[in-house]
Amino acid sequence: MTAPTTEREPLLVSGLEEFLAGPDAMNLETTLGRLRVAEDASTVTVRGEGREFPFDEAAERAVADFLGIPKHYLAKCPADLKATNVNAWLQSKEDSAAMLSVINGGIVGVHGPDVKILPPGRVAHAISNVVDGDAEVVQVIRDSHRLHIDIKTANAIEVPNPNRVHGRPEVGDVTHGGIRVLTCPDEARPPSVQGYFHRLWCSNGATTRQQSGLISLKGLTVDEVLLEMEEAARLVLSGLDNRLDEIAHMAQVPAPGNPTSFAHQLGREYRLGPNVMNRVIDRVNLLPQDASVYDVQQAFTEVANRNVPYATMMRLQELGGDLAFHTDHVVHRCHACERLLPE
């Protein structure tokens with residue numbers, strides 16, 4: 001599930017709850033003994049409920065995680081042996097209660113009934129309590145691993161380009177501030193609320209660090225976690241204008257040493273692979289020798305939006321945020337080798 005693209009009617013925060021809480025998502029309470037995998041391992045039935053679901057890769061992974069079965073072992077089993085083994089494990093814990101998370105007719109998660117799971121619809125409601133309803137939802141990723149929401153608000157800043165630096169418009173280089181919300185709807189993992197910054201020129205983004213926005217689940221009810229997320233979102237929103245000023249300030253800070261060497265060293269520090277770095281360097285090589293930190297940042301964040309794996313996108317966007325919000329630290333380098341100098 002993804003948010004509508006710019007070619008369609010934009011998704012607004014006012015419509016986010018309906019978008020996420022549609023009829024294709026449900027939680028089903030059961031016991032493990034009522035689950036039965038077909039002999040050919042093609043389906044799993046909830047006996048007594050009259051419900052049958054595909055025993056596909058997502059369902060297999062969810063069941064294996066819950067039962068503690070090595071996933072690589074199941075993957076190697078022939079279908080009949082896989083069904084026999086999984087059914088035996090299910091029956092060995094037949095009285096154990098379980099909650100099945102179902103999306104689009106498929107099982108995407110299995111967890112204990114007391115595990116703190118944040119329903120996507122309630123997460124959207126919490127966001128709408130804080131963010132203006134007319135704010136645009138730039139991206140929604142909803143799958144068996146995550147709920148990822150990027151929102152841009154009306155807070156914005158324009159970065160001037162009097163020297164006509166390559167890759168920047170002469171006028172209208174506008175970046176909007178917003179928030180990123182990350183949760184795991186099918187597992188008990190801490191949610192995160194971060195600053196998100198969306199550049200209109202090439203639709204790329206930068207973020208504050210996910211780790212800094214984590215919200216602990218320990219000792220809190222689901223209602224309390226959602227209230228903590230609302231408070232975190234208010235804090236992020238209250239600081240957007242200052243963050244946007246820091247982004248504009250990057251355009252006044254020269255990249256340390258040679259821009260290409262600087263970019264290469266950043267790639268090593270953030271563990272970026274050669275394919276990604278080749279694409280970054282192609283962009284950096286077009287910059288003048290007196291390029292700013294802002295220009296180098298854009299080379300990284302633009303690649304983040306160009307068909308890279310999710311984890312790589314996140315790393316590139318956090319790198320962009322580090323360059324913007326920790327500029328003095330990031331540029332404190334040896335101009336010969338581009339390595340960070342001690343403070």
Side-chain angles (χ1 to χ4, degrees), residues 1-27 101-104 108-109 116-156 174-198 200 203 205-208 210 212-217 220-244 314 317 321:
M1 176 190 292
T2 57
T5 67
T6 53
E7 297 175 357
R8 307 174 189 171
E9 192 72 21
L11 176 64
L12 304 180
V13 166
S14 59
L16 183 61
E17 187 172 356
E18 181 181 357
F19 180 79
L20 288 174
D24 293 334
M26 62 174 289
N27 289 324
S101 295
V102 180
I103 298 176
N104 294 328
V108 297
K116 297 184 184 75
I117 301 297
L118 303 177
R122 295 196 63 189
V123 172
H125 184 74
I127 292 171
S128 67
N129 286 340
V130 180
V131 183
D132 187 87
D134 291 333
E136 183 179 344
V137 181
V138 176
Q139 177 173 232
V140 177
I141 302 173
R142 172 68 171 97
D143 56 28
S144 59
H145 302 291
R146 65 185 63 87
L147 173 64
H148 173 133
I149 304 170
D150 290 337
I151 298 168
K152 69 180 179 73
T153 69
N155 300 68
V174 176
T175 293
H176 281 259
I179 65 170
R180 168 171 289 175
V181 177
L182 303 173
T183 72
C184 187
D186 309 314
E187 297 180 42
R189 295 183 182 176
S192 175
V193 179
Q194 308 163 239
Y196 170 77
F197 303 88
H198 185 82
L200 298 184
S203 299
T207 67
T208 55
Q210 180 180 349
S212 67
L214 288 178
I215 297 169
S216 175
L217 298 174
L220 300 179
T221 65
V222 169
D223 288 344
E224 289 169 337
V225 172
L226 291 168
L227 287 173
E228 288 286 324
M229 292 178 68
E230 289 185 23
E231 191 57 37
R234 290 189 182 93
L235 184 61
V236 168
L237 293 172
S238 69
L240 287 181
D241 288 337
N242 287 338
R243 294 295 197 186
L244 289 166
M314 297 289 281
Q317 291 180 343

**Q.** Results of salt bridge (charged side-chain N to carboxylate O under 4.0 Å, His left out) for D134 - residues two or more places apart only
**A.** none
**Q.** Partners meeting salt bridge (charged side-chain N to carboxylate O under 4.0 Å, His left out) with E231 (sequence neighbours left out)
**A.** R234
Q: Step by step, work out the side chain to side chain contact (heavy atoms under 4.5 Å, CB included) result for F197 and T207.
A: CA-CA 6 Å; F197 303 88; T207 67; 5.9 Å; no
For residues [X] and [Y], report the shortest heavy-atom separation together with the two atoms involved.
| X | Y | value |
| --- | --- | --- |
| A206 | G321 | CB-N, 3.9 Å |
| S238 | L235 | OG-O, 2.7 Å |
| P120 | R142 | CG-NE, 3.5 Å |

Q: Any chance you could measure E136, atom CD, to L11, atom CG, to the nearest 0.5 Å?
A: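 Going from CD on E136 over to CG on L11, the span is 8.5 Å.
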(Q) Measuring from atom CD1 of I149 to atom CG of L16, what distance do you get when rounded to the nearest 0.5 angstrom? (A)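 Taking CD1 in I149 and CG in L16, the distance rounds to 5.0 Å.
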Q. Are L182 and R146 close enough, and set up right, to give a side chain to side chain contact (heavy atoms under 4.5 Å, CB included), and what steps lead you there?
A. CA-CA 7 Å; L182 303 173; R146 65 185 63 87; 5.9 Å; no
Only counting residues at least two apart or in another chain, list the ones meeting side chain to side chain donor-acceptor pair (under 3.5 Å) with [X].
| X | answer |
| --- | --- |
| H198 | Y196 |
| N242 | none |
| S128 | none |
| N129 | E230 |

I want to check something: taking the side chain as every heavy atom from C-beta on, are [X] and [Y] in contact at a cut-off of under 4.5 Å?
| X | Y | result |
| --- | --- | --- |
| T208 | V236 | no |
| T153 | H176 | no |
| L237 | V131 | yes |
| L20 | V140 | yes |
| V225 | P191 | yes |
| S101 | V108 | yes |
| R243 | D241 | no |
| Q210 | S192 | yes |

Q: For a side-chain contact (heavy atoms from CB on, under 4.5 Å) with M229, tell me which candidate from V193, I127, V130 qualifies.
A: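 By the side-chain contact (heavy atoms from CB on, under 4.5 Å) criterion, M229 pairs with just one of V193, I127, V130: V193.
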(Q) Which residue is it: V137, I179, T175, L200? I am looking for the one with a side-chain contact (heavy atoms from CB on, under 4.5 Å) to K152. (A) L200
Q | Pairing residues for R122 by the side chain to side chain contact (heavy atoms under 4.5 Å, CB included) criterion, not counting sequence neighbours | A | P119, V222, D223, L226
Q: Apply ring-ring contact (aromatic ring centres under 6.0 Å, His included) to H148 and list each qualifying residue two or more places apart in sequence or on a separate chain.
A: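 Testing H148 for ring-ring contact (aromatic ring centres under 6.0 Å, His included), a comparison that skips the adjacent residues, returns Y310.
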Q) Between the side chain of E224 and the main-chain N/O of T221, is any donor-acceptor distance below 3.5 Å? A) yes
